[in-house]
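I have placed the structure first, in the form of structure tokens, so that the comments after it can refer back to it.
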Amino acid sequence: MLDWTRAQVSIMRGDPQSAQMRSILQDELLPLPAVATRMLARTAGVTQRYEVTADPIGAEGTLVGNSLMGDGSRFAEYAHDGGFVLVDRTVDARHAELAKTWTRDVTIVHDSKSDALSILVRPDGIIVWEGGDDTDRERLAAALRRWAGTR
């Protein structure tokens, strides 16, 4: 992050070399859709990965975004309370069952129509746990204890 910030500052200086670099970025690189998308994502911080566990799996540590759920709703519809959201995508709702003692702090959404993995999302939109049908329930329990408190 510090290197990215320094790079931004370096092209904003008033010297001729910085002006040349700005010109190359504006005229030759930013018109390319892949470059523009990458720069925007990087500047907005959406490519940032946070350390939420010692051994992250999949999307753990990344922003959840407003993803489409299996029933056509969007993730943001379930995050209005400003609390944790557990999206249980197991057929038998096993993750929801494990998390039921946290329902005061965790909104549980059953989304078995989706192909994606189940996720636990912090109030700031960071995924702190991801798992599928065969995922060790202890990892989910540990994430709930760590992030939503003990029960």
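As the structure is a prediction and not an experimental result, all values here were calculated from the model.
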Inset, instruction - Decide yes or no on side chain to side chain donor-acceptor pair (under 3.5 Å) for Ser73 and Tyr78, but give the supporting numbers first. - result: CA-CA 9 Å; Ser73 63; Tyr78 305 101; 2.8 Å; yes
Legend entry - Exercise: identify the closest heavy-atom pair between Pro31 and Leu25: CD-O, 4.1 Å
Inset, instruction - For residues Leu86 and Val109, determine if any side-chain heavy atom of one lies less than 4.5 Å from a side-chain heavy atom of the other. - result: no
Legend entry - Phe75-Trp147 co-clustered via ILVMFWY side chain contacts under 4.5 Å: no
Inset, instruction - Start with the C-alpha gap between Phe84 and Thr107, add the side-chain angles, then the distance that decides, and say whether side-chain contact (heavy atoms from CB on, under 4.5 Å) holds. - result: CA-CA 6 Å; Phe84 292 85; Thr107 299; over 6 Å; no
Inset, instruction - Please step through side-chain contact (heavy atoms from CB on, under 4.5 Å) for the pair Leu144 and Leu98, ending with a clear verdict. - result: CA-CA 10 Å; Leu144 285 163; Leu98 184 134; 3.6 Å; yes
Inset, instruction - Would you mind checking if Asp71 and Lys113 are paired as a salt bridge, meaning a charged N to carboxylate O distance below 4.0 Å? - result: no
Inset, instruction - Please check if the side chain of Arg49 supplies one atom and the backbone of Thr62 the other of a donor-acceptor pair under 3.5 Å. - result: no
Legend entry - For Ser118, the option from His110, Arg94, Arg89, His95 that meets side-chain hydrogen bond (donor to acceptor under 3.5 Å, both in side chains): His95
Legend entry - Heavy-atom closest pair, residues Val91 and Ser112: CA-CB, 4.2 Å
Legend entry - Taking every non-hydrogen atom, the tightest pair across Trp129 and Ile127: O-CG2, 3.4 Å
Legend entry - Flag if over 12 foreign heavy atoms under 6.0 Å of CD, Gln17: yes
Inset, instruction - Without swapping roles, check the side chain of Ser23 against the backbone of Ala19 for a donor-acceptor pair under 3.5 Å. - result: no
Legend entry - Closest approach of Ser18 to Ser10 (non-hydrogen atoms, all atoms of both residues): OG-O, 2.7 Å
Inset, instruction - Heavy atoms only: give me the nearest Leu30-Ala36 pair and the separation to one decimal. - result: O-CB, 3.4 Å
Inset, instruction - Following the transitive rule for hydrophobic clusters with a side-chain heavy-atom cut-off under 4.5 Å over Ile, Leu, Val, Met, Phe, Trp and Tyr, establish whether Met69 and Val121 coincide in one cluster. - result: yes
Inset, instruction - Spell out, yes or no, whether Val106 and Val87 are grouped together once hydrophobic residues are joined by side-chain heavy atoms under 4.5 Å, including indirect joins. - result: no
Legend entry - Audit row: Arg122, Val85, side-chain contact (heavy atoms from CB on, under 4.5 Å) steps and yes/no: CA-CA 7 Å; Arg122 289 189 321 202; Val85 177; over 6 Å; no
Legend entry - Shared hydrophobic cluster for Leu140 and Ile57 (ILVMFWY, side-chain gaps under 4.5 Å): no
Legend entry - Derivation of the side-chain contact (heavy atoms from CB on, under 4.5 Å) call for Asp111 and Asp88: CA-CA 6 Å; Asp111 185 35; Asp88 184 348; over 6 Å; no
Inset, instruction - Is it possible for you to say whether Ile11 and Met39 belong to one hydrophobic cluster, with membership spreading through side-chain heavy-atom contacts below 4.5 Å? - result: yes
Legend entry - Pairwise distance CD(Gln20) to CZ(Arg22) - rounded to 0.5 angstrom: 10.0 Å
Inset, instruction - Check whether more than 12 heavy atoms from other residues, nucleotides or ligands sit under 6.0 Å from atom CE of Met21, and answer yes or no. - result: no
Legend entry - Beyond-backbone contact of Thr103 with Ile108, side-chain heavy atoms, under 4.5 angstrom: yes
Legend entry - Heavy-atom closest contact (Glu60 atom, Thr53 atom, distance): OE1-CG2, 3.4 Å
